[in-house]
Amino acid sequence: MPAITLPDGSQRNFDGAVTGTTIAQAIGPGLAKAALIMVVDGVEMDMSREISADATVKFITRRDEDALELIRHDAAHIMAEAVQALYPGTQVTIGPAIENGFYYDFYRNEPFTPEDLPAIEAKMREIVAANTPFTREVWNREEAIEFFEKKGERFKAELIRDLPGGETITIYRQGEWLDLCRGPHLRATGDVGTAFKLMKTAGAYWRGDSKNPMLSRIYGTAWRDQKELDAYLHQLEEAERRDHRRLARQMDLFHIQEEAVGSIFWHPKGWRLYRTVEAYIRRRQEEGGYEEVRTPQLVDRKLWEKSGHWDKYRKHMFIADVVEEESTLALKPMNCPCHVQIFRQGLRSYKQLPIRMAEFGSCHRYEPSGALHGIMRVRAFTQDDAHIFCTEDQIADETVRFVELLESVYKDFGFESFAVKFSDRPETRAGDDEVWDRAEGALKAACAQAGVEYTLNPGEGAFYGPKLEFVLRDAIGRDWQCGTIQVDFVLPERLDAEYVTSESGRARPVMLHRAIIGSFERFLGILIEQYAGRFPLWLAPTQAVVATIVSDADEYAQEVAAALQKAGLAVELDISNQKIQAKIRDHSLHHVPNILVVGRREAEERKVALRRLGGAAQEVMTLDEAVAQLTREATPPDLQRA
RNA sequence: GCUGUCAUAGCUCAGGGGUAGAGCACUUCAUUGGUAAUGAAGAGGUCCUGGGUUCAAUUCCCAGUGACAGCACCA
């Protein structure tokens, strides 16, 4: 006699076991029609499942956000059925719901191409229209393996074989077609609805391992209704407009070309943006007790051998052989070994710690060609790198200080929210477990002290220590690691860094590797997308354009531009033979934040008509006022606070 | 690196076995205008590179390079 408690607190009693469908019907015909799935004591279950004990039950309908994942998961199944119907011999593997949609990985000699998608999508719509019920079956493990092997589905068989011993093996059937699946599922294929679309094909390794065969993946998107789907597709188009590669061309910030793949040619405007960010970070770090250094680009392989990088990353290093000598140099892929060399000059005392050594370090890494992405992932980049040499006791305080600085910097750049990941020991690593226990423990304690909430990223730490990653998201929804802090007990040992203790003994410092923005290239890419090119004034590559209405005002316009330039603003002069409308349009399209319009009237009165980007109104003021106002507005946020 | 797609004017793109086009940008001329496109004329191409097929290749085939998407990688 199960008593079912509903979300509103009310209870209903049934004689004997009941299905979700029965409960929903008892509550009302509307719910019975709408309920896609039930949640029993927090566990999602098919509507057809029976409940025989007391339980708390709620139902998920199309109105619930939670329905999205179910719809997407079912859409993946339906896609798999469609594919196998159209392309016999294709093997199924896995097909989960993901953010905004779903995918399914297939094994097939001929990979799927975009041309295949319309037919598959059409077949899917047929299956949805048929509204075939999903039914759940519990199978015996051995029989399931045998069944799939007989069918030639070796990937499925492997999946079942690898399921943990006690796991119930469930099969979901939709008409003739069936798949191994944990469930739960919607009631029938029709519940998926019609708001879905197949998006693209791609290769993906079986079980995410490049040693395994490559599968053919099809991505789709699915939503609760057409409106949501349209909104999503529209959002994708908008994101494309924010793409930093496109904006860089449009705004003349930088370019990349074949002769220097993965390296950036910074144009004057892009470089100005770069220097503005660099100057800002330099000020913030000086204020934060860092000392800036500069270390060599080319360093003998002996140092990389000692640090362990040669062993692990040699394939990703640019090597320079010297004909005249018997030496092999490498372009530095990172700065830490060099910073240790500075630390090692002379005797260090415990009284000097912590030492915060910063460098805008230019690094080169031979990134795999497929990893390159605009300015976000390159082969030559500059980090806002620093290493904090400190004692074990100082780790927590230094981490707190760092996190505070990072949060303040991100806020100044307009990033209010970002993800934090804690990456712990990887499989191949330097240092024994005791050292890793200490390093991970110290970093966790520091997080607690700093009030940092993170998600765990198991096994993703650096080879020498655990790390916190600060992740920002680009316009297309891709996540990028920018900031990081890493606890390292290993390199000081390998590179023999030590200091004199209060007892006049010798001890190893701990190294904290840390970066706030990470690489300038990546951060600027994200910054461009974040603002869609419409930067706040202090970051704008062109802060103002002086545009004339008539050529009689040319001379005065030059004077205005000179005055702004003298005040430190990035200003351009437009005395071209164009109508003012055309000039406004042109500079607005290039996201110039301020246009100072001068005509005969302004020239006579020594005024300017200031027009803000996107605004229709203009404000007439004297030249002096304009200079003062724009200078004030263009002051970087840290200097405004000072 | 792997799988797929793509590569034509500065940019965005159309085209197609018989040496090529549009819009924007650019140059020149006319126009001196009041807040998101003044008009006209002109210039601009090794159709990514190298092979092959063909009477003929920018177009078809093969290879390379690069870009894009995803996967793998990311000290």
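We name chains A, B, ... by the order of the sequence lines, and we start the count at 1 in each one. Nothing here was measured: the structure is a model prediction, and the numbers come from that model.
- Nearest nucleotide to the side chain of A:R478, out of B:C71, B:G34, B:A69: B:A69.
- Computed from coordinates, the A:E259 CD to B:A67 P distance equals 11 Å when rounded to whole Å.
- Side-chain proximity of A:Y205 to the nucleotides B:U32, B:C71, B:C74 is greatest for B:C71.
- When distances are taken from the side chain of A:R522 to each of B:C74, B:A69, B:C73, the shortest belongs to B:C74.
- With both ends at atom P, the span from B:C61 to B:G4 equals 15 Å, rounded to whole Å.
- Stacking of A:F112 onto the six-membered ring of B:G4 is not present when judged by under 5.5 angstrom between centres and under 30° between planes.
- Taking atom C1' on both B:C2 and B:G42, the two are 49 Å apart, rounded to the nearest angstrom.
- Rounded to whole Å, the C1' atom of B:G10 lies 26 Å from the corresponding atom of B:A69.
- Nucleotide B:U65 has B:A7 as its partner under the Watson-Crick or G-U criteria, with both atom distances under 3.5 Å.
- The A:Q578 side chain lies nearest to B:U38 when the options are B:A67, B:C71, B:U38.
- Nearest to the side chain of A:S210, among B:C71, B:A72, B:A75, sits B:A72.
- The listed nucleotides are B:A69, B:G33, B:C73; the one nearest the side chain of A:H316 is B:C73.
- Considering only side-chain atoms of A:R365, the nucleotide from B:G34, B:G1, B:C74 that sits closest is B:C74.
- Listed nucleotides B:A69, B:G34, B:A72 differ in distance to A:R245; the shortest reach to its side chain belongs to B:A69.
- A gap of 43 Å separates the C1' atoms of B:C71 and B:A56, to the nearest Å.
- Separation of the C1' atoms belonging to B:G33 and B:C26 is 23 Å when rounded to the nearest angstrom.
- You'll find that the side chain of A:T113 is closest to B:U5, out of B:G33, B:U3, B:U5.
- Spacing of C1' atoms, B:G18 relative to B:A22, comes out at 23 Å, to the nearest Å.
- Minimum atom distance to the side chain of A:A582 is reached by B:U38, of the listed B:U38, B:C73, B:C71.
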